[in-house]
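Naming convention: chains lettered A, B, ... in sequence-line order (proteins, then strands); numbering from 1 in each chain.
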Amino acid sequence: MNPELQGRVFPPAPPYLVGREKVREFSRAVFATNPINHDPEAARAAGYADVVAPPTFAVVVQEATLAQLLSEPGAGIDFSRVVHGDQRFSFSRPIVAGDELTATLTVASVKSLGGHSMVTAESNVLDATGAHVVTATSTLVVRGDE
Amino acid sequence: MSTTPALESLSVGDVVAGGSFALTRDSLVRYAGASGDFNPIHYRDDVAVSVGLPGVLAHGMLTMGFAVQPVVDWVGDPARIVDYQVRFTRPVLVDPVDGAVVTVVARVGVIDAEARVARIDLTVTFNDQTVLGKAQARVSLA
């Protein structure tokens, strides 16, 4: 992997519009059964504009930025050798249906460890007003030649 | 919705939430569609075996996704989850017939009285082995 990637900031990914049915679909998939994940009335009663996404829904918004990194010709990352090592989400607020979110990836670090490479990518997710919603951080391990 | 737990009522080591999640191959296909992660090692045995795996695995992000749900339900409001992290340490093999049962136990790990934040540590196990390391949710109980 190209060590000069460290510190690189990619262009913002195209805006992601969070749909109500997508939130419901994702909620069912991760066994989130709380009414505020499914029922707009229950969400409004709890103070939200619409149904609330489960915490890890942020990965769906982050995905477009990881695709930018993995497809970067100069990165030298062989996708077939990539293993997801760590994942973290740091929230300012939950994602809610109707949010238009823009994610920007920064390569926080690139390290080599015993023939493997590790890249830590931070995707900063902002809403339409420019306010921070969540930072999604992935550490990907790229296995070396066997 | 449940009422918010009081920080003062918590002690380090308390079990505050938990659950058992029965995964089937259907769960993996559902998560693939919902998340957009269509890596075939999560639904095709032949592909999984060809890359040296014993069989089809659950998406790590699926396990991360449901493992925090007992904590979300316990705190009542997802806005109280201020940080959530995991390390993927062992795969969850999902048998085509019997599926896989993953168990979550959530304990109080650290209490930060000044910040009004509790760190909840998740023990996530499949076949009596942990599958996530350093699985921690920080919850604001201000």
Looking only at heavy atoms, what is the nearest atom pair of A:P55 and B:V68, with distance? CG-CG1, 4.0 Å
With only heavy atoms counted, which part of A:E63 is less than 4.5 Å from chain B, the side chain, the backbone, both or neither? neither
What distance do B:Q136 atom CD and A:R88 atom CZ have between them, rounded to the nearest 0.5 Å? 8.0 Å
Is there a continuous path of hydrophobic side-chain contacts, each under 4.5 Å between heavy atoms, that joins A:V141 to B:M64? no
Calculate, to the nearest 0.5 Å, the distance between atoms CE and CD belonging to B:M61 and A:Q87 respectively. 4.5 Å
Would you say that more than 12 heavy atoms from the other residues, nucleotides or ligands in this model lie under 6.0 Å from the CZ of B:R87, or not? no
If you round to the nearest 0.5 Å, how far is NE2 of A:H84 from CG of B:D37? 10.0 Å
Indicate if B:V82 and B:L141 have the same hydrophobic cluster label, given that clusters are the connected sets of ILVMFWY residues with side-chain heavy-atom separations under 4.5 angstrom. no
With chain A, which of B:G36, B:G19, B:A79 has the greatest number of heavy-atom pairs at distances under 4.5 Å? B:A79
Heavy-atom distances under 4.5 Å only: say whether B:A22 touches chain A with side chain, backbone, both or neither. backbone
Within this structure, what is the CG-CZ distance for the pair B:D73 and A:F31, rounded to the nearest 0.5 Å? 13.5 Å
Before you tell me yes or no, could you show the steps for A:D86 and B:Q85 under side chain to side chain contact (heavy atoms under 4.5 Å, CB included), namely the whole-Å CA-CA distance, both residues' side-chain angles and the distance that decides it to 0.1 Å? CA-CA 7 Å; A:D86 295 70; B:Q85 65 173 317; 5.8 Å; no
Looking at every non-hydrogen atom in both residues, tell me the closest pair between B:Y84 and A:T56 and how far apart they are. CE2-CG2, 3.9 Å
If you draw a 6.0 Å radius around CD in A:E100, do more than 12 non-hydrogen atoms from other residues or ligands fall strictly inside? yes
So, taking the atom named OG in B:S27 and the one named CZ in A:R28, what distance separates them when rounded to the nearest 0.5 Å? 13.5 Å
Largest heavy-atom contact set with chain B, pairs under 4.5 Å, which of A:T135, A:V30, A:V83: A:V30
So which heavy atom on B:A34 is nearest to which on A:V60, and how close? O-CG2, 4.3 Å
Which bit of B:F88 comes within less than 4.5 Å of chain A, counting heavy atoms only: side chain, backbone, both or neither? both
Reported CD-to-CG distance for the pair B:Q69 and A:N37, which is rounded to 0.5 angstrom: 6.5 Å
May I ask whether B:L122 and B:V117 are part of the same hydrophobic cluster, defined by side-chain heavy atoms of I, L, V, M, F, W, Y residues being less than 4.5 angstrom apart, directly or through others? no
Look at the side-chain heavy atoms of Ile, Leu, Val, Met, Phe, Trp and Tyr, link any pair under 4.5 Å apart, and say whether B:L93 and B:L62 land in one connected group. yes
Heavy-atom count check: over 12 atoms from other residues, nucleotides or ligands less than 6.0 Å from B:R80 CZ? yes
So if you build clusters from Ile, Leu, Val, Met, Phe, Trp, Tyr with side-chain heavy-atom gaps below 4.5 Å, do B:I81 and B:L7 land together? yes
